[in-house]
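What follows is a single structure, written as C-alpha cells, with notes after it.
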Amino acid sequence: MSRVVKAAAVLAGGLALAHAAPAITSIQPLEPLRTRLLPRFAGLGDPGHVALTFDDGPDPLSTPRFLKLLEARGVKATFFLLGFMLERDPGLGREIAAAGHEVAVHGYLHRPMPLRTPRATHEDLRRAHGLVTEATGTAPRWYRPPYGIATTSALRAARRLGMQPVLWTSWGQDWRASATGTSVFDTVTGNLGGGGTVLLHDSDCTAAPASWTATLSALPRLLDHCEEQGWKVGPLAAHGL
C-alpha cells in the first residue's frame with residue numbers, strides 16, 4: 001500500500017470517528033456518566049421537576065390514548081415526532097400541539113445516524129423540522145436522535161436549525177415485547193430523581209407490536225410516584241434546561 005493510500009485510509013477513518021464519536025454517550029452502561037458529564041445533553045434540569053417525553057409518534061392508534069390520559073391528569077409533555085409518521089397524519093400533530101403539549105423532532109426516519117452521511121443527516125433533520133413547523137405553526141426547540149445516537153453531524157445540523165439536542169436520564173425500555181406496566185414503571189423509577197428526563201414511547205412503529213400498551217399502563221403509576229416525591233411533571237420547556 002502506498003503512503004498516499006495509507007494516508008487517505010487514516011484520514012477517512014479519522015473523519016468517520018469524528019462523525020460518530022458522540023454516539024458513545026448513548027451506550028446504556030455509560031448513561032450515569034453521561035448525565036454527570038453532560039447534564040444538559042442528558043436532560044438534567046430543575047430538581048423539583050421531571051420532564052415527561054414520548055418518542056416515535058404521532059400514531060393514530062395509540063397517541064390519542066396518551067393524550068386522553070394526560071388531559072385527565074392535567075399533565076403536559078414533550079412529544080418527539082418522526083417526520084414520516086407526522087406526514088401520514090399531520091392533523092394528529094396539530095392535535096398534540098393544540099392540547100398544550102410541546103412538539104419536538106425525532107428525525108424524519110428512525111435510522112441510526114452513524115450510518116448516514118453528513119448531507120443525508122442534515123436533510124433528514126431539515127425535513128422533519130419543516131413538517132413539525134408546518135403542522136404546529138411553531139418551530140421545534142428540541143431534537144432527540146433515533147436510538148440516542150447523536151453524531152457530530154447530527155448535533156451540527158440540529159444547531160443550524162435552531163434545535164437543542166437532548167437525550168434522557170431514565171427510560172422504561174418499553175419497546176420490548178416482554179414489557180409490562182410493572183416492568184416499565186420499575187425501570188423508569190429505578191434511577192429517576194428530581195430534575196430527570198423520562199423517555200417513553202407513544203407508538204410501536206419501531207418497537208414490538210402493541211408495546212405501547214405497557215407504557216400506557218405504567219403512566220398513571222409513574223405520575224402518582226412523581227407526585228408523592230413532590231416533583232412537578234411537565235414538558236422540557238418547563239424543565240429549566
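Hydrogens, waters and symmetry mates are skipped; everything else that's a heavy atom, side chains included, is used.
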I'd like a table of donor-acceptor pairs (distance under 3.5 Å, sequence neighbours excluded) in which one partner is a side-chain atom from residues 222-233, with atom names and distances.
{"residue": "Asp224", "atom": "OD1", "partner": "Arg73", "partner atom": "NH1", "Å": "3.3"}
{"residue": "Asp224", "atom": "OD1", "partner": "Arg73", "partner atom": "NH2", "Å": "2.7"}

### Message
Quick check: closest heavy atoms across Thr133 and Ala139, and the distance to 0.1 Å?
### Response
OG1-CA, 3.5 Å
### Message
List the residues meeting salt bridge (Lys or Arg N to Asp or Glu O under 4.0 Å) with Glu134, not counting sequence neighbours, and say none if there are none.
### Response
none
### Task
Grab the two heavy atoms, one from Leu167 and one from Pro145, that are nearest each other, plus how far apart they are.
CD2-CD, 3.8 Å
#### Entry: 4.5 Å side-chain heavy-atom contact, Leu241 and Phe41
no
## Note on the structure
When every non-hydrogen atom of Val184 is compared with those of Ala214, the smallest separation belongs to CG2-CB, 4.1 Å
### Message
So, applying side-chain hydrogen bond (donor to acceptor under 3.5 Å, both in side chains) with Ser170, which one of Asn191, Thr189, Thr187 is it?
### Response
Asn191
### Query
Are any of the side-chain heavy atoms of Leu125 and Arg156 separated by less than 4.5 Å?
no
### Message
For a quick test of reading the model, state the closest non-hydrogen atom pair linking Trp212 to Ser62 and the distance between them.
### Response
CD2-CB, 3.4 Å
### Query
Is the closest side-chain heavy-atom distance between Pro235 and His101 below 4.5 Å?
no
### Message
Checking Arg160 now: which residues fulfil side-chain hydrogen bond (donor to acceptor under 3.5 Å, both in side chains) with it, not counting sequence neighbours?
### Response
none
### Task
Assign the ring pair His110 / His106 to parallel, tilted or perpendicular, where the plane angle (0 to 90°) is split at 30° and 60°.
perpendicular
### Query
Applying side-chain hydrogen bond (donor to acceptor under 3.5 Å, both in side chains), which residue pairs with at least one partner in residues 200-210 are found, sequence neighbours left out?
Asp56-Thr206, Asp59-Ser203, Thr63-Asp202, Asp174-His201
### Task
Would you check if Leu69 and Pro220 make a side-chain contact, meaning some heavy-atom pair closer than 4.5 Å?
yes
### Message
With side-chain hydrogen bond (donor to acceptor under 3.5 Å, both in side chains) as the rule and sequence neighbours excluded, what pairs involving residues 74-97 come up?
### Response
Thr78-Glu102, Glu87-Tyr108
### Summary
For residues 41-54, the side-chain hydrogen bond (donor to acceptor under 3.5 Å, both in side chains) pairs (sequence neighbours left out) are His49-His239, Thr53-Arg144
### Task
Mind listing the closest non-hydrogen atom pair of Leu236 and Ala51 along with its distance?
CD2-CB, 3.7 Å
### Message
Run the ring pair (Phe, Tyr, Trp, His ring centres under 6.0 Å) test against His129 and tell me which residues pass, sequence neighbours left out.
### Response
none
### Query
Side chains of Val105 and Leu81: closer than 4.5 Å at any heavy-atom pair?
no
### Task
Please identify each residue that fulfils side-chain contact (heavy atoms from CB on, under 4.5 Å) with Ala208, with sequence neighbours left out.
Ala177, Ser211
### Those residues that, when tested against Arg111, pass side-chain hydrogen bond (donor to acceptor under 3.5 Å, both in side chains) (two or more places apart)
none
### Task
Return the minimal non-hydrogen interatomic distance between Cys205 and Phe84, and the atom names on each side.
SG-CZ, 4.4 Å
### Query
Less than 4.5 Å apart, any side-chain heavy atom of Arg159 and any of Gln164?
no
### Residues forming a salt bridge (Lys or Arg N to Asp or Glu O under 4.0 Å) with Arg176, sequence neighbours excluded
none
### Task
Could you pull out all residues at least two apart from Thr138 that satisfy side-chain contact (heavy atoms from CB on, under 4.5 Å)?
Thr136
#### Entry: Validation row: Val103, Pro140 side chains within 4.5 angstrom (heavy atoms)
no
#### Entry: Set of residues satisfying ring pair (Phe, Tyr, Trp, His ring centres under 6.0 Å) with respect to Phe66, sequence neighbours excluded
Phe54
### Task
Report the C-alpha separation of Lys68 and Glu71 in whole Å, then their side-chain angles, then the decisive distance to 0.1 Å, and conclude whether the salt bridge (charged side-chain N to carboxylate O under 4.0 Å, His left out) test is met.
CA-CA 5 Å; Lys68 183 177 180 180; Glu71 181 181 13; over 6 Å; no
